[in-house]
Amino acid sequence: VAIAAMVSSQSNRPRRRRTLQSRLRRSLRHGAIRLRRLMLWLWRQEGSHGQRARGLAAGVFCGCFPFFGLQTILGIGLASLVRGNHLLAAAGTWISNPFTYVPLYWFNYQLGSWLLGPGQGWPSAQALQQEGLWQLGWSFSSRILLGSTISGVVCAVAIGGVYWQWLEREQQRALAAAHGGLHLDD
């Protein structure tokens, strides 16, 4: 009986391993499908390539600021000013999300401190809980806003530019496929 129990427990181990491997493959497959759907969604947005890129860039710019709850509204407003796609502006604000808040805003503060000189330092978690972000004073606020502005401009230009180039390249590929594989650039 003891040998049978050992044999059956040993035969379960590879099955668990295969199950874990199959789960991992399945998760990767689903992740790839989701990424493809996201890319198709980005491709199918309304507007010219410039309007779409400007909308995404406006959202990314506003997403770099620590205005919790207002980033989407500000992104859509900025997209209206630059005549960009509003839906992509809202999506672009998710550059800051619960996973990136702390690293993004810490980086923005450090950048602002590098340009303006050292301030009081990055606040502790206890200070943030007791006082809140904006009650820390002008020394902190000026550094994080300056850093957010600079990182927002750089990220917006980079992401908007890459997105515009990707749209142009995809359009060229679609046109070439429609014309039987001829290169339209030649």
Side-chain angles (χ1 to χ4, degrees), residues 31-32 34-125 127-128 131-173 185:
R34 286 184 187 135
L35 181 61
R36 181 171 166 74
R37 286 181 184 160
L38 173 66
M39 297 307 287
L40 287 172
W41 178 79
L42 287 172
W43 172 249
R44 293 178 180 152
Q45 288 300 304
E46 293 181 14
S48 69
H49 296 170
Q51 289 170 326
R52 291 188 261 176
R54 286 191 303 270
L56 184 62
V60 168
F61 175 77
C62 291
C64 287
F65 285 87
F67 301 134
F68 305 108
L70 296 174
Q71 293 169 328
T72 302
I73 295 167
L74 293 172
I76 291 170
L78 183 59
S80 294
L81 288 175
V82 298
R83 297 185 184 192
N85 183 295
H86 294 155
L87 192 56
L88 286 171
T93 62
W94 278 91
I95 192 170
S96 63
N97 58 63
F99 299 110
T100 63
Y101 285 145
V102 173
L104 178 64
Y105 301 142
W106 176 84
F107 174 78
N108 292 346
Y109 178 80
Q110 295 301 321
L111 180 60
S113 293
W114 180 68
L115 293 168
L116 293 176
Q120 299 172 1
W122 183 255
S124 67
L128 284 174
E131 300 178 34
L133 195 61
W134 296 111
Q135 283 71 34
L136 293 173
W138 180 246
S139 174
F140 176 80
S141 300
S142 62
R143 282 161 179 75
I144 197 165
L145 288 175
L146 177 62
S148 295
T149 302
I150 292 169
S151 67
V153 167
V154 169
C155 288
V157 168
I159 291 172
V162 167
Y163 181 53
W164 181 81
Q165 288 176 344
W166 178 75
L167 290 170
E168 290 290 316
R169 189 171 46 249
E170 287 299 312
Q171 183 179 28
Q172 290 296 320
R173 284 183 188 163
D185 295 341

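Below, each value reflects all heavy atoms present in this structure, side chains not excepted, and no hydrogens, waters or symmetry copies.
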Short side-chain to backbone donor-acceptor contact, Ser113 and Arg143, under 3.5 Å: no
Backbone N/O of Ala158 and side chain of Tyr163: donor-acceptor pair under 3.5 Å: no
Could you report the tightest heavy-atom contact between [X] and [Y], atom names first, then the distance?
{"X": "Gly47", "Y": "Arg52", "answer": "O-NE, 3.2 Å"}
{"X": "Thr93", "Y": "Gly75", "answer": "CG2-CA, 4.4 Å"}
{"X": "Gly147", "Y": "Leu111", "answer": "O-CD2, 3.7 Å"}
{"X": "Arg54", "Y": "Val82", "answer": "NE-O, 2.8 Å"}

Value rounded to 0.5 Å, distance of [atom1] in [X] from [atom2] in [Y]:
{"X": "Gln165", "Y": "His49", "atom1": "CD", "atom2": "NE2", "result": "12.5 Å"}
{"X": "Ile95", "Y": "Phe65", "atom1": "CD1", "atom2": "CZ", "result": "12.0 Å"}
{"X": "Tyr105", "Y": "Asn108", "atom1": "OH", "atom2": "CG", "result": "8.0 Å"}
{"X": "Ile144", "Y": "Ser151", "atom1": "CD1", "atom2": "OG", "result": "9.0 Å"}
{"X": "Ser141", "Y": "Leu146", "atom1": "OG", "atom2": "CG", "result": "12.5 Å"}
{"X": "Gln51", "Y": "Leu167", "atom1": "CD", "atom2": "CG", "result": "11.5 Å"}

Side-chain polar contacts of residues 55-64 - donor-acceptor pairs under 3.5 angstrom, sequence neighbours left out - could you list them?
none

Summary of side-chain hydrogen bond (donor to acceptor under 3.5 Å, both in side chains) pairs that have at least one residue in residues 55-65, sequence neighbours excluded: none
Min side-chain heavy-atom separation Leu145-Phe67 under 4.5 Å: yes
